[in-house]
Amino acid sequence: MSDMDSPEALAGLVVVEFAAFAAGPCIGKYLANHGAYVVKVESSARPDGFRAHYPPFKDNVPGLNRSGVFALNNDGVRSAGINLKHLEGLEIARRLAAKADMVIENFTPGAIERLGLGYEDLRAENPGLVMLSSCNMGQTGPRARHPGFGSQLTSLSGFTYLAGEPDRPPVIVYGPYIDYIAVGYGYIAVLAALEDRRRTGAGQYIDLSQLEAGVQFLAPGILETELQGTIPARKGNRHPTAAPHGVYPCAGEDRWCAISVHDDAEWARLKSAMGSPGWADSRLYETKLGRKENESALENKLAEWTRGKQAEDLMKLLQRHGVHAAKVANMEDLLADDQLQFRNYWQSVTQQEIGEHQVMMPAFSLSETPASVHGADPLLAQHTEEVLSKLLAISGKQMGELANCGAVEMAEQSPDGPGGQP
C-alpha cells in the first residue's frame, strides 16, 4: 500500500486542548502527526507560556509567534482564539468540548472544574469523551496543588539529587525534563482509552501525575534503597563497576566522547584501539578492581590520548574494536544526524514569522499509517474562523459579533495548513 493510499491512524479524531508548555501540547502535536484534528484553545489574554517567555525566539526578538520551543511542540495543530475569561468565550469552549473525541488540559488542579470544563460537566453532554488531565502531582492528594515548574518537579522526583559531582551541590536537570516523560505516558494513556471506547463506547478520565511518571525512571535507585538500605547519591560520571566510564575531551571546542569499559576483555580491546601504550600495561589497570581503585589516574591518562582525536573518528575507531563509545552530540549534530535523517525524524516546515525550520516526528514508525507533517505551529488565533465554522457552524456574522465583544480573537488565515507550508 503506498503512502497516498494509507489512511492516517487518527484521521477524524477531534481533540480540544486547554494546555500550555510541554506536558499537554506535545501530546496534541503527536496526535496531529497521526491525522487528528487538534484545536488549541488560547488567547492573547492567556497565551501559551512557551509563546510568551521561553526562548529561543527567532533572531532573539521575542514575539508570540516567534518561539522556537513552541514551534517544536505544536506543529500541525490549530489555534482557536477563545477568551475563557469571557462568558461567551467560555460557552464556545464548552460547545467545542461537546463535539470533541478528546480533551487535554494541564491547568492547576481545580481550575478546569471552576470554568465548568471538568470531566463530570463535559461527559454529561458528551459521554464518549476521553479526557486527560496532566499536572505536577495529579488531581488528588495532600500536595496536589503544590506549585512549580520543570526544575521543581525534577527535584521533587529525585533526579536532581543524583546529578552532579559528589563533593558539589546537585545540578538541576535542564528544562522541564519530566514534562516530556509525562508526554510519553500521556500519549500511551489516551490511545489506550480510545481503544477502550472503540470496544465499549464509554469515555474515560485520565489523571496523569507527572511526578509519578518521573519516579518510574528512578526504579533502580529506589530498589537499591529498599533492598540494600543505601541511598544512591551523586557520583559524577562514575559507574558502580565500569572503569573507565565518562566523557573525555576531543579535538575542537567543547567536543567530547563517552567511553565505557565494563570488563577486562573490553579493556583489552580499548588498549588495542589505543595502540597498546606503555601506561595501559601497568599492573594497576589489569583488573576491573584495579581500574576502579586507580580510576582518577586512569581517566587522566585516557583523556591525554583522546584530546587530539576528532570525536566522530574516535567513536568509530572504538566501536570497530568493540568498545562502548559515542560522541557527545550537540544540537547541530542532531540536526545533521544520518540515522535521524534516514528515518525521516526531522521534517521541514515554514511558519510565517519564524520561516523555514525543522520539526520532530514521533519516535516510532507505524508501517501502515505513518506519521506525517501537517504544517508548522500556528500563529496565535490563526484558525478561529476555520474551527468555529467547521465544528460549530458559526456564521461569519456571528463570529464578527463574538470578536467585537471580546469572546474570540481572529487572525489572518494561512491557506497552507496549520502554520504554513509543510
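Quick caveat, the model's predicted, so the values are computed rather than measured.
Taking each heavy atom of T160 and S155 in turn, the nearest pair found is OG1-OG, 3.0 Å. Closest approach of C405 to H86, counting heavy atoms only: O-NE2, 3.0 Å. Across F70 and P378, no two heavy atoms sit closer than the pair CE2-O, 3.9 Å. A381 and S79 make their closest contact through N-OG, 2.8 Å (heavy atoms, listed as atom of the first residue, atom of the second, distance).
In summary, the side chains of Q351 and H357 do not present any donor paired with an acceptor at a separation below 3.5 Å, with no hydrogens or angles considered. Using modelled atom types and a 3.5 Å distance limit, the side chains of Y37 and H374 yield no donor-acceptor pair. Side-chain polar atoms of N73 and Y30 form no donor-acceptor pair below 3.5 angstrom.
The closest donor-acceptor contact from the side chain of R291 to the backbone of A243 lies under 3.5 Å. Within the 3.5 Å criterion, the main-chain N or O of K288 finds a donor-acceptor partner in the side chain of D264. Of the possible polar contacts, none joining the T154 side chain to the S151 backbone as a donor-acceptor pair under 3.5 Å is found. Proximity of a side-chain donor or acceptor of K29 to a complementary backbone N or O of M360 within less than 3.5 Å is detected. Of the possible polar contacts, one joining the N404 side chain to the G400 backbone as a donor-acceptor pair under 3.5 Å is found. Put simply, the side chain of E409 never gets that close to the backbone of G406: no donor and acceptor are under 3.5 Å apart. Between the side chain of S389 and the backbone N or O of E386 there is no donor-acceptor pair closer than 3.5 Å. No donor-acceptor pair under 3.5 Å is formed between the side chain of T108 and the backbone N or O of A111. Looking only at distances, a side-chain donor or acceptor of K40 sits under 3.5 Å from a matching main-chain atom of A19. Between the side chain of D48 and the backbone N or O of E42, no donor-acceptor pair lies under 3.5 Å.
Applying the side-chain hydrogen bond (donor to acceptor under 3.5 Å, both in side chains) definition to pairs two or more places apart or across chains, those involving residues 122-133 are E105-S133, E120-R123, S133-Y205. Listed by first and then second residue, the salt bridge (charged side-chain N to carboxylate O under 4.0 Å, His left out) pairs involving residues 237-253 are R238-E295, R238-E299 (not counting sequence neighbours). Contacts classified as ring-ring contact (aromatic ring centres under 6.0 Å, His included) and involving residues 208-242 (residues at least two apart or in different chains) are given here: H239-H245, H239-H262. The stretch residues 218-228 participates, sequence neighbours left out, in these side-chain hydrogen bond (donor to acceptor under 3.5 Å, both in side chains) pairs: E224-T230.
Distance check, rounded to the nearest 0.5 Å: NZ of K316 to CG of L314 gives 12.0 Å. Between L318 atom CG and S260 atom OG the span is 11.0 Å, to the nearest 0.5 Å. Expressed to the nearest 0.5 Å, how far CE of M361 lies from OG of S372 amounts to 7.0 Å. Atom CG of residue L335 and atom CG of residue L340 lie 9.0 Å apart, to the nearest 0.5 angstrom. Distance check, rounded to the nearest 0.5 Å: CG of D207 to CG of L132 gives 9.0 Å. Between I82 atom CD1 and R94 atom CZ the span is 12.0 Å, to the nearest 0.5 Å.
Within 6.0 Å of CD in E195 there are more than 12 heavy atoms belonging to other residues, nucleotides or ligands. Crowding of K235 atom NZ: a count of heavy atoms from other residues, nucleotides or ligands under 6.0 Å exceeding 12. The number of heavy atoms from other shown groups lying within 6.0 Å of NZ (K292) is above 12. Shown here is Y174, whose OH atom has no more than 12 heavy atoms of other residues, nucleotides or ligands within 6.0 Å. Other residues, nucleotides and ligands contribute only 12 or fewer heavy atoms inside 6.0 Å of the CZ atom of R46. The local environment of CD1 in I231 is sparse, with at most 12 non-hydrogen atoms from other residues, nucleotides or ligands closer than 6.0 Å.
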Dump the intermediate steps for side-chain contact (heavy atoms from CB on, under 4.5 Å) on L122 and Y119, then the final yes or no. CA-CA 5 Å; L122 296 180; Y119 179 65; 5.6 Å; no
Worked check of side-chain contact (heavy atoms from CB on, under 4.5 Å) between Q382 and N65: CA-CA 10 Å; Q382 180 178 338; N65 298 314; over 6 Å; no
Before you tell me yes or no, could you show the steps for N33 and D75 under side-chain contact (heavy atoms from CB on, under 4.5 Å), namely the whole-Å CA-CA distance, both residues' side-chain angles and the distance that decides it to 0.1 Å? CA-CA 8 Å; N33 289 149; D75 61 274; 3.1 Å; yes
Worked check of salt bridge (charged side-chain N to carboxylate O under 4.0 Å, His left out) between D333 and R255: CA-CA 11 Å; D333 295 329; R255 304 301 288 179; 2.8 Å; yes
Start with the C-alpha gap between D101 and V15, add the side-chain angles, then the distance that decides, and say whether side-chain contact (heavy atoms from CB on, under 4.5 Å) holds. CA-CA 6 Å; D101 297 287; V15 180; 6.0 Å; no
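Partners of Y248 under the ring pair (Phe, Tyr, Trp, His ring centres under 6.0 Å) rule, at least two apart in sequence or in another chain, do not exist in this structure. When the side-chain hydrogen bond (donor to acceptor under 3.5 Å, both in side chains) test is applied to D254, the partners found at least two apart in sequence or on another chain are W256.
When side chains are defined from C-beta on, T306 counts as touching I259, because their heavy atoms get closer than 4.5 Å. Side-chain contact check for M131 versus I112: some heavy-atom pair is nearer than 4.5 Å. Residues Y187 and H34 meet the side-chain proximity criterion, which asks for heavy atoms closer than 4.5 Å. Side chains of M102 and L31 form a contact here, defined as non-hydrogen atoms less than 4.5 Å apart. Considering only heavy atoms from C-beta on, V408 stays 4.5 Å or farther from N83 through its side chain. At least one side-chain heavy atom of M274 sits under 4.5 Å from a side-chain heavy atom of L270. Within the 4.5 Å cutoff, no side-chain heavy atoms of N106 are placed close to those of C135. Looking at L90 and L117, their side chains come closer than 4.5 Å, going by heavy atoms from C-beta outward.
Ring orientation note: the planes of F21 and F50 are nearly perpendicular, at an angle over 60° on the 30°/60° scale.
Centroid-to-centroid, the aromatic rings of Y177 and F159 come within less than 6.0 Å.
Both the sub-6.0 Å distance and the 45° axial angle are not jointly satisfied by R66 relative to the ring of F57.
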